[in-house]
Amino acid sequence: MSRIRIIFERLRAQGGKALIPFITAGDPSPALTVPLMHTLVDAGADIIELGVPFSDPMADGPTIQRASERALANGIGLRQVFGQVAHFREKNRDTPIVLMGYANPIESMGMDAFVDAAAKSGVDGVLVVDYPPEESEKFTATMKAGAIDPIFLLAPTSTPERIARVAAQASGYVYYVSLKGVTGATALDIGAVAARIPEIRAATGVPVGVGFGIRDAATAGEVSKTADAVVVGSRIIEEIELSAPDEVLSRVRALVAGLREGIDAVAGKAR
Amino acid sequence: MNIPYNLPDASGHFGPYGGVFVAETLITALDELKRAYAEARRDPAFQAELEYELEHYVGRPSPVYHARRWSDALGGAQIYLKREDLNHTGAHKINNCVGQAMLARRMGKPRIIAETGAGQHGVAAATVAARYGMECVVYMGSEDIRRQAANVYRMKLLGASVVSVESGSRTLKDALNEAMRDWVTNVSNTFYIIGTVAGPHPYPMMVRDFQSVIGRESILQMPKHCGRQPDAVIACVGGGSNAMGIFYPYIPFPDVRLIGVEAAGDGIETGRHAASLTAGRPGVLHGNRTYLLQNEDGQILETHSISAGLDYPGVGPEHAWLKDSGRAEYVCIDDAEALDAFHKLCRLEGIIPALESSHALAYAARLAPTLSRNKVLLVNLSGRGDKDMHTVAEKSGISF
């Protein structure tokens, strides 16, 4: 059974919901990435989304764009990201890692080499923002053969036909983009999100994570009432930006622990 | 003798190129656009209005002009110029903007957005927005804003807001990223007018179709000048819309060479250029698979060309297909050669060409002397050079 599936089955049994923080590999510095990943887990992360930096992050708002630019300036590419995942796996065998990024670095490395390296380093899922299902059937099949879950996006604009199309290829979980916009936007409508989740969960048969625009513990808690997982990215990157180098880990730990509490408070359980 | 050609396929692919590589949020909008465009394409009323607008607002057909003095000076093939520089707003970009703005109106979208490099597409988009009473926001890299101050002012005069893009290399590719971000946020009331034959399907096909009026007119005009079609059609290629516009109708004519001219900037060997087909390799950017200038990690490289309109690290996917299939040839011309052709055309023909078009002219100047006098070259003079006064003067050590 995949690590992602184990997590969601355990949470379902416990009545809990998953917290999925996002950081960009190599931001703020390559040396901090693995310590940050361990800190996220200590603070209550169930799954980590690790951003692969790209020069042209079309779906990201200014915050994650800046993280991507810093990581690229630090010389981080896919090969280094795999090294960081392998390093993280030396101490952690349980927490799933989902790489999130754009198609071109993968195309450049080659699909087979990418999946091979991902599997060997201990990656569990891959979300490619600009690979919709119709352009990635072969990639999806290659990933599944390598026991890696292809994670797909769904959006407020997705029609029932689109949801069915994603359902046919998705495994692990699906990522519901909670608003029309880029990452880090602020116009999240919890009611509108909640209205869509049951339909998506029923159609896809996999857990539904919700992200884009979740900035505090209260919102995380509200979203977790209907979603199976809550994804928080830009808010964490902002915390990293606001921190002096020696306080990055402690401040991120406090922020993520707060999000964890927000989610667990709704579930009515102490972790 | 005509060879059938029916690309892209239903899902927007030209062989392995093209496609729809975008985030899920945009898929429904692209499906809606695809349907709306397919209907408009079949609607005689839409086509009749488009024709009317092109004739009376744009000033079409644009003439074909025999550059006799320049041809004589070169001493070989006869060079003809397709005068897109004489269009309203001074470049071919308006052909596409009229079509897409009419489509936006038909789809009930009151707000249009556009990206621009040299500013020609931004000006054309601002122009049609004024013409049809729409709100217009143009994204432009801050580096390009600096290089093209006059066009920025033109856009503002026309009522558009110009948003300076500070991310990445602060040029056309970053403006495109930012326009995509706007579109994904305002998708319900906004129509994105992409200015070139790139982006996700149906844009490469749709922009090509709107621009192909250039080639269709040429096919009617050339026999009147020289009794036949040209031996070669030459056009500059950044994203590649003026080239697709003149190439596409000529694809079924096997005796007509199609030559696309990329920007070699300071020279291919310096790495400071914008020649994606010559020096790039396939990848995915801005919604389609095509040739890209990228490093070994798949990060997109910064490009350089004296002409802002060619300063783009990708190229339309149909050009990638035409290159691989061998139907078109792609060559490149550096900044210095383009400038030389620019000055020659000014002095010998009394025409000030855009620096983009000067790349196509420069290749014609290289090719013509190798051919006999009865050979015919048709160059797409895609825009006029008024916008480039500042850049050219700077190169000559003159500041205004």
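The chains referred to below are lettered A, B, ... by the order of the sequence lines, with proteins before strands, and numbering in each begins at 1.
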Tell me, side chain or backbone of [X] under 4.5 Å from chain A's heavy atoms, or both, or neither?
{"X": "H13(B)", "answer": "side chain"}
{"X": "N186(B)", "answer": "neither"}
{"X": "L285(B)", "answer": "side chain"}
{"X": "Q294(B)", "answer": "side chain"}
{"X": "L301(B)", "answer": "neither"}
{"X": "E178(B)", "answer": "side chain"}
{"X": "V187(B)", "answer": "side chain"}

Note to self: When you measure from the side chain of N104(A) to the backbone of G298(B), do you find a donor-acceptor pair of N or O atoms at a distance under 3.5 Å?
What the structure shows: yes
What distance do [X] atom [atom1] and [Y] atom [atom2] have between them, rounded to the nearest 0.5 Å?
{"X": "Q299(B)", "Y": "S108(A)", "atom1": "CD", "atom2": "OG", "value": "8.5 Å"}
{"X": "N177(B)", "Y": "D56(A)", "atom1": "CG", "atom2": "CG", "value": "4.5 Å"}
{"X": "K173(B)", "Y": "S55(A)", "atom1": "NZ", "atom2": "OG", "value": "5.0 Å"}

For residues 66-78 of chain A, which side-chain N or O atoms pair as donor and acceptor with protein atoms under 3.5 Å away, sequence neighbours left out?
| from | atom 1 | to | atom 2 | distance (Å) |
| --- | --- | --- | --- | --- |
| R66(A) | NE | E241(A) | OE2 | 2.8 |
| R66(A) | NH2 | E241(A) | OE1 | 2.9 |
| S68(A) | OG | F54(A) | N | 3.0 |
| S68(A) | OG | F54(A) | O | 3.1 |
| E69(A) | OE2 | G168(B) | N | 3.1 |
| R70(A) | NE | D27(A) | OD1 | 2.5 |
| R70(A) | NH1 | E241(A) | OE2 | 2.8 |
| R70(A) | NH2 | D27(A) | OD1 | 3.3 |
| R70(A) | NH2 | D27(A) | OD2 | 3.2 |
| R70(A) | NH2 | E241(A) | OE2 | 3.2 |
| N74(A) | ND2 | G26(A) | O | 2.8 |
| N74(A) | ND2 | P28(A) | O | 3.0 |
| N74(A) | ND2 | R70(A) | O | 3.3 |

Notebook entry, point to check: Below 4.0 angstrom, N of the basic side chain to O of the carboxylate: do E107(A) and R289(B) qualify?
Noted result: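 Yes, this pair counts.
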Next item on the list: Can you spot which of I27(B), L26(B), T28(B), V184(B) makes a side chain to side chain contact (heavy atoms under 4.5 Å, CB included) with T157(A)?
Entry: T28(B)
